Amino acid sequence: MNTLQRRGNRGFTLIELVVVIAILGILAGIAIPRFLDSRASAAGAKLLADLRTIDSASAIYQAKYSTQPTLDELVDDKLIAGNLTPPTGTMLVTGTSGSQLKYTASATNYAIDSNGRATYTSDKLTDGTVEKYLSGSEGLSSYNEIVKLAQAAIAAGNKGGGNINAAILAANEKYPDVEASLIKDVFGESASGDLKWRADANWGASNVVYFTSSSTNGWVASMVVVNGILYKAPTTNGVDIAGAVNKSDVAADLVNRGFEKVGPISGF
């Protein structure tokens, strides 16, 4: 047997096998995440498409009957298909700011809120509308948390000992943390701080004023939300807002105290 024949019959060396396995591992490491992201992107696209479809159908129904529909009524009126089911697993959504946000499916069905809007619950959003999923912030869960706590406190009555914040503490033992992402969005990338969400309202009132403050300065607020509009203080150190929530025009009083209008904020 000549030298050429002997070389043709020999197997791979251990080093060659290790190199091939390493290359396959690298290719798999690149391909698998891309495949998973493509599935998550498809799930996110389906979520947004379903929410928009239900929103459009709800608007048509309200125009026809002058009343807000249920999902079943939209199906019965043949405005949506009966098989609109939410995605499962991870959803990847590209927000209006261009950032990509990942959500994990939680609810097994869509819902329609009191405004006739299509909503869906994920791990980061409670009753999220299209705008919330596209907002570019992953911090909406705590916005909703403070809203739910305030609503529960008002519904339960003054059991906290004097104000809505006392009732929130009695029920929850702490105030929700303000998201670091929101602080940076409002005050700049270098901003930081240990801020909490709080709330104030006359008992039974529908309009609740939400504000952020440190754990030690109860009425020195750095951000205030009035009727879904966010206002910011000159710095994260905050401004005294004691008495502002009792004024007939809270927003105007905030501006007089040095606050600046930022704009609408999702979640409230």
Side-chain angles (χ1 to χ4, degrees), residues 124-128 132 135-268:
K124 295 187 177 73
L125 292 176
T126 300
D127 296 336
K132 290 182 183 179
S135 68
S137 172
E138 293 186 346
L140 289 172
S141 57
S142 79
Y143 301 1
N144 287 289
E145 185 64 25
I146 184 62
V147 171
K148 288 189 293 183
L149 288 170
Q151 291 173 340
I154 292 175
N158 189 355
K159 297 182 180 180
N163 58 55
I164 193 171
N165 280 316
I168 288 174
L169 283 179
N172 197 56
E173 298 183 354
K174 65 177 183 178
Y175 300 115
D177 294 325
V178 177
E179 304 76 5
S181 60
L182 176 64
I183 297 174
K184 293 182 183 298
D185 286 345
V186 174
F187 292 103
E189 282 297 320
S190 61
S192 62
D194 179 21
L195 300 178
K196 310 291 183 182
W197 280 112
R198 304 191 182 198
D200 191 88
N202 294 322
W203 289 100
S206 58
N207 294 326
V208 182
V209 175
Y210 301 93
F211 61 97
T212 70
S213 67
S214 71
S215 57
T216 56
N217 296 323
W219 289 99
V220 178
S222 56
M223 292 180 277
V224 184
V225 179
V226 181
N227 295 326
I229 304 297
L230 177 66
Y231 296 82
K232 70 173 183 178
T235 69
T236 54
N237 293 332
V239 172
D240 184 9
I241 63 166
V245 294
N246 297 321
K247 299 296 176 64
S248 58
D249 191 337
V250 179
D253 187 75
L254 290 173
V255 173
N256 290 335
R257 293 170 186 253
F259 281 82
E260 175 186 344
K261 180 180 178 180
V262 177
I265 180 171
S266 299
F268 291 94

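One-based numbering along the sequence shown. Note that this is a predicted model, so its numbers are computed, not measured.
Under the rule for a side-chain contact (heavy atoms from CB on, under 4.5 Å), the partners of L169 that lie at least two apart in sequence or sit in another chain are Y175. Every residue was checked against the side-chain contact (heavy atoms from CB on, under 4.5 Å) condition with N256, not counting sequence neighbours, and none meets it. Qualifying ring pair (Phe, Tyr, Trp, His ring centres under 6.0 Å) partners for F259, counting only residues two or more places apart in sequence or in other chains: none. Qualifying salt bridge (charged side-chain N to carboxylate O under 4.0 Å, His left out) partners for D240, counting only residues two or more places apart in sequence or in other chains: none. Annotation: side-chain contact (heavy atoms from CB on, under 4.5 Å) contacts of S222 (sequence neighbours excluded): F187, L195, T212.
The structure places CG of D200 at 8.0 Å from CD1 of I241, a figure rounded to the nearest 0.5 Å. For the atom pair D249 CG and L254 CG, the distance stands at 9.0 Å (nearest 0.5 Å). For the atom pair OH (Y210) and CG (L230), the distance works out to 14.0 Å, reported to the nearest 0.5 Å. One distance of note links CG of N237 with OG1 of T235; it measures 4.0 Å at 0.5 Å rounding.
In terms of heavy atoms, A199 sits closest to I164 at O-CG2, 2.8 Å. P234 and V239 get closest at one heavy-atom pair: CD-CG2, 3.7 Å. M223 approaches V178 most closely through the heavy-atom pair CE-CG1, 4.0 Å. Minimum heavy-atom separation, A221 to S213: CA-CB, 4.5 Å. Pairing each heavy atom of N165 with each of R198, the nearest pair is OD1-CB, 3.4 Å. For L149 against P176, the heavy-atom pair with the smallest separation is CD1-CG, 4.0 Å.
Taking the six-membered ring for Trp and the full ring otherwise, W219 and F211 have centroids separated by under 6.0 Å.
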Please assess K261 against I229 for the test side chain to side chain contact (heavy atoms under 4.5 Å, CB included), listing each intermediate value before the final yes or no.
CA-CA 8 Å; K261 180 180 178 180; I229 304 297; 3.7 Å; yes
